[in-house]
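Here the structure is a predicted model, which means the values were calculated and not measured.
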Amino acid sequence: MARHLVTSALPYINGIKHLGNMVGSMLPADVYSRYLRLRGHDVLYICATDEHGTPAELAAKAAGTSVAEFCAQAHDAQKAVYDGFQLAFDHFGRSSSRQNVEITQHFARKLWENGFIEERAISQVYSPVDGRFLPDRYVEGTCPHCGYDKARGDQCENCTRVLDPTDLLEPRSAISGSTELEIRETKHLFLLQSRLQHEVEEWVARHEADWPQLSSSIARKWLTEGLHDRAITRDLDWGVPVPADTWPELAAEGKVFYVWFDAPIEYIGATKEWADSAPDSEVRDWKSWWYEADDTVRYTQFMAKDNVPFHTVMFPATELGVREPWKKVDVVKGFNWLTYYGGKFSTSQKRGIFTDAALETLPADYWRYFLIANAPESDDSSFTWEHFAATVNKDLADTLGNFVNRVLSFSRKRFGDEVPAGAAAGEAEARLGEEIARLLTEYEEHMDALQYRKAAAALRALWSAGNSYLEEKAPWLEIKTNPDGAALTLRTAMNLIHLYAIVSEPLIPASAAAMRGAFTLPDDTATWLTADEAKSLTTIPPGTPFTVPPVLFAKITDEDLETYRERFGGTGA
């Protein structure tokens, strides 16, 4: 089977992420990774906290702690939430790791040797009140493009345009709030992206056919506007140091690499972290996933649209300029925004539902299913509590949960704690098998194509097919005149439950485990079923002991909704 490398955009270190971050990167990457593993592929899912840059320093200052201590604590806090969402990373690393420092410095040296890094004197904002240069988010002000008055010196959160601190109107220090700022000259390293424009265009042209339109259109927009040389160093205390063996003057000044330069390299760094953390009994070859791996590895990335330019244009430019055979991405799955009642989720402004609060409110599977079924793929999608409750109640509680409960409860009541034998399969079971095989194939096609809303709809249709079969056969009536026929119906439905447990695992892993655990099989190692295997509906043999699991999904009541709206707000304002 193929080897699949999967990465999702690195969550930034300053604070717990909101649901928009979850659905825009980590959750779809997890769903895809789980699906690939079930299909028998060799999968490596890598992610990490993005720990460098001005926001980390500012957040540590606000917390009254060192940046290193702040990042270590924040990493553990984020990892705990992702564990709660059952994100099955192979490794969740840190961009401040020794491995990332080494590889980032290696990339920089190679770019310098190949003539793609240049040292330049530039004008930069300096604050006499703070006694330091103010890079990136240390400067706040008004965006010159959209007029947003809380824009930061690296990017406008409102219009997403990339900015330089000197671009801002009415700038002020994010440390002291001082507006008495000066422009002074200092030296920095620049990545000469303009010299790599043609190579990036050729690379995008070879790969964009496999990307969703959102990703390709963003890449094309940036290429049409032209790649500009950009500074890759900053005056900060925290970051990957500029190596003294190559740039002694800048190293002596304490320059570090800019976060947008080292963060994508952390995908490679985190893979080396994964290898270096292997137990003594296991050998992990990290380099085989990244070096000379174009013909052996399929690499898929997941991210929201604001990160797409960095991964379709900027990081490929870096990799091309290194002139070494590092693996480049094959598919970039970009997502639009998930909004909260039409307003943007915002970490900085604490608007919307954050992932830790989500888990305190309801189990992870409720959120996982809703987010994937309403993933913002072709356009933005909106979270409302009313829509969330309707989806959970209809799809999870009524369609899937009710099917599992009534089949197992009724069978135990009438036939005991083992799967009944009953009559041989008939015409209704043959029709059901054909329908299940068709829907399973459709589900697979959508998952392979990374079409999440369509995949969730196909999974929902699989669940609905079981309910339709149950209504057609009506075993609660059938048992009065044809006990063997009722036993056949229930045995077939139990096989459906086991099938649902397997194919639902990428979206709702905890519930899938509960469904699979209902049957006491001596060796339940089934991962996926082919269409022909699914068609037979005979993986659970008669006589198999079973139990009735607790209710999989509780309905969300009107009283629950009122409580949630009071806690989180009923609008995005």
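- Put simply, the side chain of Ser215 never gets that close to the backbone of Trp211: no donor and acceptor are under 3.5 Å apart.
- The minimum heavy-atom distance between Pro549 and Val404, with the atom names listed, is CG-CG1, 4.4 Å.
- Between Leu44 and Val6, every side-chain heavy-atom pair lies at or beyond the 4.5 Å cut-off.
- If you look at His311 and Tyr267, their ring centroids are closer than 6.0 Å.
- In this structure, Val308 and Gly334 approach most closely via the heavy-atom pair CG2-CA, 4.1 Å.
- Results of the ring pair (Phe, Tyr, Trp, His ring centres under 6.0 Å) test with Phe388 over Tyr366, Trp367, Phe568, Tyr564 single out Trp367 as the only residue that passes.
- Salt bridge Asp532/Lys535: present, at least one basic N to carboxylate O contact under 4.0 Å.
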request  = Take Lys150 and Glu157, measure what side chain to side chain contact (heavy atoms under 4.5 Å, CB included) needs, and give me the verdict at the end.
outcome  = CA-CA 8 Å; Lys150 296 182 180 63; Glu157 187 182 46; over 6 Å; no

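- Panel note: side chain Ser409, backbone Arg406; no donor-acceptor pair is recorded below 3.5 Å.
- For Asp365, the salt bridge (Lys or Arg N to Asp or Glu O under 4.0 Å) test picks out no residue, with sequence neighbours left out.
- Side-chain atoms of Arg368 come within 3.5 Å of backbone atoms of Leu507 as a donor-acceptor pair (strictly under, hydrogens ignored).
- Side-chain atoms of Tyr45 and Asp30 form no donor-acceptor pair, as typed in the model, at a separation below 3.5 Å.
- Using modelled atom types and a 3.5 Å distance limit, the side chains of Trp222 and Thr312 yield no donor-acceptor pair.
- The minimum heavy-atom distance linking Pro309 with Lys305 is given by the pair CD-O, 3.5 Å.
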request  = For the pair Arg3 and Tyr299, evaluate side-chain hydrogen bond (donor to acceptor under 3.5 Å, both in side chains) and give the outcome as yes or no after the intermediate values.
outcome  = CA-CA 9 Å; Arg3 301 175 79 213; Tyr299 178 19; over 6 Å; no

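- The distance from atom CZ of Phe335 to atom CG of Asn21, rounded to the nearest 0.5 Å, is 13.0 Å.
- Between Trp385 and Phe383, the angle of the ring planes goes over 60°, which puts this pair in the perpendicular group of the 30/60° scheme.
- Residue Thr300 holds its OG1 atom at 4.5 Å from OH of Tyr32, rounded to the nearest 0.5 Å.
- To the nearest 0.5 Å, the span separating OG1 on Thr49 from OH on Tyr82 amounts to 8.5 Å.
- Note that CZ of Arg94 and CG of Asp50 are 12.0 Å apart. Values are rounded to the nearest 0.5 Å.
- Counting only distance, with no hydrogens or angles, the side chain of Gln78 and the backbone of Tyr12 share a donor-acceptor pair below 3.5 Å.
- Closest approach of Thr399 to Asp395, counting heavy atoms only: CB-O, 3.2 Å.
- Using modelled atom types, no side-chain atom of Thr355 and backbone atom of Leu19 make a donor-acceptor pair closer than 3.5 Å.
- A donor-acceptor pair is defined here as one N or O able to donate and one able to accept, closer than 3.5 Å; such a pair exists between the side chain of Asp380 and the backbone of Trp337.
- With hydrogens and angles left out, the side-chain atoms of Glu386 and Tyr341 include a donor and acceptor closer than 3.5 Å.
- His41 contributes no side-chain N or O that, together with a main-chain N or O of Val43, makes up a donor-acceptor pair within less than 3.5 Å.
- Taking the six-membered ring wherever Trp is involved, the centroid distance between the rings of Trp260 and Phe315 does not fall below 6.0 Å.
- For the pair Lys344 and Tyr340, the cation-pi test (distance below 6.0 Å, angle within 45°) is failed.
- With 3.5 Å as the limit, one finds a donor-acceptor pair spanning the side chains of Asp560 and Thr557.
- The nearest pair of heavy atoms linking Val297 to Asp330 is O-OD2, 3.6 Å.
- Salt bridge status for Arg438 with Glu435: present, with a side-chain N to carboxylate O gap under 4.0 Å.
- Not a single donor-acceptor pair under 3.5 Å links the side chain of Thr7 to the backbone N or O of Cys47.
- Looking at Glu505 and Arg516, no side-chain N of the basic residue comes within less than 4.0 Å of a carboxylate O on the acidic one, giving no salt bridge.
- Between the side chains of Tyr443 and Arg460, no donor-acceptor pair is found at a separation under 3.5 Å.
- With no hydrogens or angles considered, no side-chain donor-acceptor pair links Glu533 and Trp528 at under 3.5 Å.
- A distance of 5.0 Å separates CD1 in Ile508 from CG in Leu400, rounded to the nearest 0.5 Å.
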Show the atom names and distances, to 0.1 Å, of all donor-acceptor pairs under 3.5 Å that link a side chain in residues 448-455 to residues at least two apart or in another chain.
residue : atom : partner : partner atom : Å
Asp448  : OD1  : Tyr35   : OH           : 2.9
Tyr452  : OH   : Pro28   : O            : 2.7
Arg453  : NH1  : Ala375  : O            : 3.2

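- Using a distance-only test at 3.5 Å, with no hydrogens or angles considered, no donor-acceptor pair links the side chain of Asn14 to the main chain of Ala59.
- A heavy-atom distance below 4.5 Å is found between the side chains of Ile16 and Val81.
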If you look only at distance, which donor and acceptor atoms sit under 3.5 Å apart when one is on a side chain in residues 481-499 and the other is two or more places apart or in another chain?
residue : atom : partner : partner atom : Å
Asn482  : OD1  : Gly485  : N            : 3.0
Thr489  : OG1  : Lys473  : NZ           : 3.0
Thr489  : OG1  : Glu478  : OE1          : 2.9
Thr489  : OG1  : Gly485  : O            : 3.1
Arg491  : NH1  : Ala421  : O            : 2.1
Arg491  : NH1  : Ala423  : O            : 3.4
Thr492  : OG1  : Leu488  : O            : 2.8
Asn495  : OD1  : Thr539  : N            : 2.7
Asn495  : OD1  : Thr539  : OG1          : 3.3
Asn495  : OD1  : Ile540  : N            : 2.6
Asn495  : ND2  : Arg491  : O            : 3.0
Asn495  : ND2  : Leu537  : O            : 3.3
Asn495  : ND2  : Ile540  : O            : 3.4
His498  : NE2  : Asp524  : OD1          : 3.2
His498  : NE2  : Asp524  : OD2          : 3.2

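- Gln155 contributes a side-chain N or O that, together with a main-chain N or O of Thr160, makes up a donor-acceptor pair within less than 3.5 Å.
- Of all heavy-atom pairs spanning Ile436 and Ala465, the tightest one is CD1-CB, 4.0 Å.
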